[in-house]
Amino acid sequence: MSEQLTLSAETRERAGKGASRELRRAGRVPAVIYGGNKEPTMVHLEEKELVKQLMTGHFFNSVIVVNGETTLAKDVAFHPVTDRPEHADFLRVSKNTKVTVGVPVVFTNEEASPGLKKGGVLNIVRHDVELACDADHIPEQLEIDMTGYDVGDSIHISAVKLPKGATPTITDRDFTIATVVAPSSLKSSEGDTTKADGEAEA
């Protein structure tokens, strides 16, 4: 299960571009907490703390306590030039709320893959998988065991052990997450060998 994060926030009284610019100059990021059949709450966060949490790599698939409310991060807007966070949106959730999150995929036991041992390449089609799950049971990552996979093999979602209660949002097909492909050097050397054999026969 993904860990819970905490962000301290202060309520902001004023909305609008001018007020938001003032906050950003002071090292704060305007944000809003919405949903849960309540009125939206306008808050502001410390920019350094928000950036630190964003750098964890699991900011968007973790429960985040903001201003005492349990939320999920739904969006962070960044400045197009400086890449500094300019605004954040958080959705209120309860522990039984069904949420949709993108969960990163990690690959284990690569040394036990015959295809990779031969010099094959792991071609990752999806770096994360979108799952529907309970807000208090969001997996931090999905692990795929590479044991036994050879060149030409594909890894589909059906081969991944999902946490209890979690289901892929794509339900109409057994979609591919990764494939083991032959390296281009291996393909070209096989091609050269074929050519040499043909020349020898001629």
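Residue numbers run from 1 in the order of the sequence given.
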Novice: Would you say Val103 and Val129 make side-chain contact, with heavy atoms under 4.5 Å?
Specialist: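 When only atoms from C-beta onward are counted, Val129 and Val103 do not touch, as no gap falls below 4.5 Å.
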Novice: Write down the atom of Ser154, the atom of Thr176, and the distance for their closest heavy-atom approach.
Specialist: CB-CG2, 4.3 Å
Novice: For Thr82 and His79, indicate whether the former's side chain and the latter's backbone hold a donor-acceptor pair under 3.5 Å.
Specialist: no
Novice: Run the numbers on Ile177 and Val160 for side chain to side chain contact (heavy atoms under 4.5 Å, CB included), then give the verdict.
Specialist: CA-CA 9 Å; Ile177 295 175; Val160 182; 3.6 Å; yes
Novice: What distance do His156 atom NE2 and Ile144 atom CD1 have between them, rounded to the nearest 0.5 Å?
Specialist: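 Output value for this atom pair is 11.0 Å.
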Novice: Can you hop from Val51 to Ile64 via hydrophobic side chains spaced under 4.5 Å?
Specialist: no
Novice: So, does Asn123 use its side chain to make a donor-acceptor pair with the main chain of Thr179 at under 3.5 Å?
Specialist: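 A pair under 3.5 Å: no.
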Novice: Apply side chain to side chain contact (heavy atoms under 4.5 Å, CB included) to residues Leu72 and Phe59 and explain how you reach the verdict.
Specialist: CA-CA 9 Å; Leu72 280 179; Phe59 183 78; over 6 Å; no
Novice: Output yes when a side-chain donor or acceptor of Thr56 lies under 3.5 Å from a complementary backbone atom of Gln53, and no otherwise.
Specialist: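 Judged by distance alone, yes, a pair lies under 3.5 Å.
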Novice: Flag yes if Leu54 and Val43 sit in one hydrophobic cluster, no otherwise; membership is Ile, Leu, Val, Met, Phe, Trp, Tyr, and two members link when side-chain heavy atoms are under 4.5 Å apart.
Specialist: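 Leu54 clusters together with Val43.
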Novice: What are the two closest non-hydrogen atoms of Asn61 and Gly102, and how far apart are they?
Specialist: CB-O, 3.6 Å
Novice: Name the one of Met146, Lys118, Glu110 that satisfies side chain to side chain contact (heavy atoms under 4.5 Å, CB included) with Val180?
Specialist: Met146
Novice: Report the distance from atom NZ of Lys48 to atom NZ of Lys52, rounding to the nearest 0.5 Å.
Specialist: 11.5 Å
Novice: Working note: Arg84 + Arg24, criterion side chain to side chain contact (heavy atoms under 4.5 Å, CB included); need CA distance, chi angles, decisive distance, verdict.
Specialist: CA-CA 10 Å; Arg84 291 173 62 182; Arg24 293 186 193 108; 5.5 Å; no
Novice: With rounding to the nearest 0.5 angstrom, report the CD1 to CZ distance, Ile138 to Phe60.
Specialist: 13.0 Å
Novice: Take a 6.0 Å sphere around NZ of Lys117 and say whether it holds more than 12 heavy atoms from other residues, nucleotides or ligands.
Specialist: no
Novice: Could Glu47 and Arg28 be called an ion pair, given the rule that one side-chain N must be under 4.0 Å from one carboxylate O?
Specialist: no
Novice: Is Asn37 atom CG crowded by more than 12 heavy atoms from other residues, nucleotides or ligands, each under 6.0 Å away?
Specialist: no
Novice: For residues Leu5 and His58, determine if any side-chain heavy atom of one lies less than 4.5 Å from a side-chain heavy atom of the other.
Specialist: yes
Novice: Carefully, step by step, assess Val181 and Val151 under the rule side chain to side chain contact (heavy atoms under 4.5 Å, CB included).
Specialist: CA-CA 5 Å; Val181 297; Val151 171; 5.9 Å; no
Novice: Can you tell me how far apart CD (Glu39) and CD1 (Ile33) are? Round to the nearest 0.5 Å.
Specialist: 13.5 Å
Novice: Is the shortest side-chain heavy-atom distance between Leu116 and Val121 below 4.5 Å?
Specialist: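 SC-SC contact between Leu116 and Val121 ruled out.
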Novice: Should Ile155 and Phe175 be regarded as members of a common hydrophobic cluster, given that ILVMFWY residues are connected when their side-chain heavy atoms come within less than 4.5 Å of each other, either directly or indirectly?
Specialist: yes
Novice: Decide yes or no for Val105 and Glu143: does some side-chain heavy atom of the first lie under 4.5 Å from some side-chain heavy atom of the second?
Specialist: no
Novice: Would you say Val65 and Val76 are hydrophobically clustered, going by side-chain heavy atoms of ILVMFWY under 4.5 Å?
Specialist: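 No, separate clusters.
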Novice: Quick one: do Thr41 and Arg92 satisfy side chain to side chain donor-acceptor pair (under 3.5 Å)? Show the steps, please.
Specialist: CA-CA 10 Å; Thr41 302; Arg92 294 184 186 100; 2.9 Å; yes
Novice: Find the distance between CD (Glu86) and CZ (Phe78) and round it off to the nearest 0.5 Å.
Specialist: 10.0 Å
Novice: Under a single-linkage definition using a 4.5 Å side-chain heavy-atom cutoff for Ile, Leu, Val, Met, Phe, Trp and Tyr, are Val101 and Ile170 assigned to the same hydrophobic cluster?
Specialist: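 Same cluster.
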Novice: Is the closest side-chain heavy-atom distance between Tyr34 and Leu91 below 4.5 Å?
Specialist: yes
Novice: With a 4.5 Å limit on heavy-atom distance, are the side chains of Leu122 and Ile124 in contact?
Specialist: yes
Novice: Looking at Lys161 and Asp145, is any side-chain nitrogen of the basic one under 4.0 Å from a carboxylate oxygen of the acidic one?
Specialist: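 Salt bridge between Asp145 and Lys161, a charged N being under 4.0 Å from a carboxylate O: no.
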Novice: Taking the side chain as everything from C-beta on, heavy atoms only, tell me whether Asn67 gets closer than 4.5 Å to Thr11.
Specialist: yes
Novice: Using side-chain heavy atoms (C-beta onward) and a distance below 4.5 Å, is Thr70 in contact with Val93?
Specialist: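 They are in side-chain contact.
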Novice: Please give me the minimum heavy-atom distance between Gly119 and Pro183, naming the atom from each residue.
Specialist: O-CG, 3.0 Å
Novice: Search all heavy atoms of Asp153 against all heavy atoms of Gly148 and return the closest pair with its distance.
Specialist: OD2-O, 4.0 Å
Novice: If you compare all heavy atoms of Lys98 against all heavy atoms of Ala132, which two are closest, and at what distance to 0.1 Å?
Specialist: NZ-O, 4.2 Å
Novice: Roughly how far, to the nearest 0.5 Å, is the CG atom of Leu131 from the OG1 atom of Thr167?
Specialist: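 The OG1 atom of Thr167 sits 7.5 Å away from the CG atom of Leu131.
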Novice: Compare every heavy atom of Thr147 with every heavy atom of Asn109, then report the nearest pair and how far apart it is.
Specialist: CB-OG1, 3.6 Å
